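All figures in this text were calculated on a predicted structure; none of them were measured in a lab. In this chain, residues are counted from 1 in sequence order. Order of appearance sets the numbers: ligands from 1, and atoms from 1 within every ligand.
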Amino acid sequence: MPLPANPPLTDTALILRAAMFAANKHRDQRRKDEHASPYINHPLMLACVLATEGGVSDAATLCAALLHDTIEDTATTADELREAFGERIAAIVGEVTDDKRLPKAERKRLQIEHAASISPEAQRVKLADKISNLRDVAANPPADWSLERKREYFDWARAVVDRLRGVDPALEAVFDAAYRARP
Ligand code: NDP
Ligand code: ZN
């Protein structure tokens, strides 16, 4: 899907363009819940949490939220994001992208280790990702997850968030409320 390249775009136009780009990239993917929800619901939920519950209005942060899983879970490259959305948005997405060449346990450990040192914009996207995923694990969990696995996920998400506290107390309070639903 070719995107028109005639910046400068308004913030609203940029955000809608990021939503379109992500919808296209994730178009054949589903989440892991029993209904196999459309994948795009998840990036949309992050942006919605940031804007409606976190009071975030920075367009780069909202675009990065919409795009946050494109490099990790689709064939999208950092160069492609740089070209379509600019250096700043591509950098935030890069900061929240796991290195898929590493084993899963190592990726999860690195998320805890790196959470304190990424940019505040990336920390907000990460907070929204954990809020969204905790809500999903509580209400729409992967079909085959045991109680123990759900609890492990909650505790790992909390370990990540505990390393970035102070960046955005309002969003951290939203996370803490989501954590209180730990099964
Ligand atoms: P996965 O990483 O495989 O799955 C969780 C990720 O799936 C989320 O971070 C989210 O990532 C994505 N996702 C998609 N749909 C949903 C949904 N409906 N609800 C929540 N998340 C969804 O699992 P784990 O995080 O558990 O990682 C694997 C680890 O689990 C291993 O390191 C292993 O140690 C442990 N494990 C534990 C088992 C147990 O029974 N206790 C069994 C097997 C493994 P995103 O937002 O990026 O898309
Ligand atoms: Zn995500």
Side-chain angles (χ1 to χ4, degrees), residues 15 18-19 21-51 53-54 56 60-76 78 81 85 89-115 118-119 121-164 171 174-175 177-183:
I15 291 164
F21 184 98
N24 185 47
K25 290 292 187 176
H26 292 297
R27 67 184 182 275
D28 296 324
Q29 297 176 323
R30 295 288 180 273
R31 301 297 287 172
K32 297 172 181 169
D33 60 287
E34 67 166 323
H35 304 293
S37 305
Y39 198 98
I40 191 63
N41 291 10
H42 168 68
L44 286 171
M45 194 197 289
L46 262 70
C48 197
V49 164
L50 287 170
E53 298 177 65
V56 173
T61 306
L62 296 173
C63 286
L66 290 166
L67 299 165
H68 82 281
D69 274 332
T70 56
I71 296 181
E72 199 170 295
D73 291 335
T74 79
T76 308
L81 290 186
F85 299 101
I89 291 171
I92 301 169
V93 176
E95 287 184 287
V96 298
T97 298
D98 286 353
D99 183 346
K100 278 206 151 172
R101 293 167 301 184
L102 299 172
K104 236 175 188 178
E106 176 68 355
R107 281 189 250 158
K108 293 183 94 76
R109 191 188 67 74
L110 284 173
Q111 280 209 33
I112 299 171
E113 192 177 306
H114 292 159
I118 58 178
S119 68
E121 292 86 353
Q123 288 175 328
R124 287 191 180 87
V125 173
K126 201 163 264 293
L127 267 162
D129 196 27
K130 298 303 179 249
I131 292 164
S132 169
N133 282 336
L134 286 199
R135 287 178 180 172
D136 275 345
V137 170
N140 304 295
D144 57 345
W145 279 24
S146 64
L147 178 62
E148 184 203 2
R149 187 151 182 195
K150 292 178 196 172
R151 287 179 173 162
E152 274 179 21
Y153 192 88
F154 264 66
D155 294 343
W156 167 73
R158 170 118 190 223
V160 174
V161 166
D162 281 348
R163 295 294 298 268
L164 53 76
L171 268 178
V174 176
F175 174 86
Y179 184 84
R180 283 195 281 279
R182 184 181 185 274

In the protein, which heavy atom is nearest to [atom], and how far is it?
atom                    : result
atom 15 (N) of ligand 1 : K32 N, 2.9 Å
atom 20 (C) of ligand 1 : V137 CG2, 3.5 Å
atom 43 (C) of ligand 1 : R149 NH1, 3.4 Å
atom 47 (O) of ligand 1 : D69 OD1, 3.4 Å
atom 21 (N) of ligand 1 : N133 OD1, 3.8 Å
atom 12 (C) of ligand 1 : R31 NH2, 3.6 Å
atom 8 (C) of ligand 1  : Y153 OH, 3.3 Å

| said: Please state which option from H26, K108, K104, M45 has its nearest heavy atom closest to atom 24 (P) of ligand 1. | reply: K108
| Which is closest to atom 41 (N) of ligand 1 by heavy-atom distance: H68, E106, E152, R135? | E152
| request: Using the side chain to side chain donor-acceptor pair (under 3.5 Å) rule, pick out the option among K130, E106, R163 that qualifies with Q111. | output: K130
| Among Q29, H68, K25, K100, whose side chain to side chain donor-acceptor pair (under 3.5 Å) with D73 holds? | K100
| Backbone or side chain, does E72 get an N/O/S atom under 2.8 Å to the Zn ion (ligand 2)? |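 Within the cut-off used here (under 2.8 Å), E72 places no N, O or S atom near the Zn ion (ligand 2).
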| field | Within-cut-off N or O pair, N140 and ligand 1, under 3.5 Å | value | yes
| said: Can you confirm, on distance only, whether ligand 1 has an N/O atom lying under 3.5 Å from any N/O atom belonging to D136? | reply: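 So ligand 1 has no N or O lying under 3.5 Å from an N or O of D136.
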| query | Between R149 and E152, is there a side-chain N and carboxylate O pair less than 4.0 Å apart? | reply |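 A salt bridge is absent here (no side-chain N lies under 4.0 Å from a carboxylate O).
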| request: May I ask you to identify, for D33, whether its side chain, its backbone, both or neither come under 4.0 Å of ligand 1 on a heavy-atom basis? | output: both
| Given that the side chain starts at C-beta and the backbone is N, CA, C, O, which of these parts of W156 lies under 4.0 Å from ligand 1, counting heavy atoms, or is it both or neither? | neither
| Lys NZ or Arg CZ of R182 over F154 ring: under 6.0 Å, within 45° |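 No; the conditions do not both hold, so R182 does not lie above the ring face of F154.
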Just jot down the ligand 1 atoms closer than 4.0 angstrom to any heavy atom of [X], in number order.
X    : answer
H42  : 46 (O)
D129 : 46 (O)
S146 : 40 (O)

Without swapping roles, check the side chain of [X] against the backbone of [Y] for a donor-acceptor pair under 3.5 Å.
X    : Y    : value
R27  : N24  : yes
Q123 : A115 : yes
E95  : S119 : yes

| task | Report yes if the side chains of H42 and N133 come closer than 4.5 Å at any heavy-atom pair, otherwise no. | result | yes
| Does any non-hydrogen side-chain atom of L171 lie less than 4.5 Å from one of V49? |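 They are in side-chain contact.
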| Donor on one side chain, acceptor on other, D69 and H26, under 3.5 Å |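 Per modelled atom types, D69 and H26 side chains form no pair under 3.5 Å.
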| Going by atom types alone, do Y39 and R31 pair a side-chain donor with an acceptor below 3.5 Å? | yes
| said: If you scan the protein for heavy atoms around atom 31 (C) of ligand 1, do you find one that is closer than 4.0 Å? | reply: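 Looking at atom 31 (C) of ligand 1, one finds that no protein heavy atom lies closer than 4.0 Å.
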| field | the Zn ion (ligand 2): angle it makes with OD2 (D69) and NE2 (H68), nearest 10 degrees | value |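 Nearest ten degrees: 80°.
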| Can you give me the NE2-the Zn ion (ligand 2)-OD1 angle for H42 and D129, to 10°? | 80°
| For E72, does the CD atom sit with more than 12 other heavy atoms under 6.0 Å from it, leaving out its own atoms? | yes
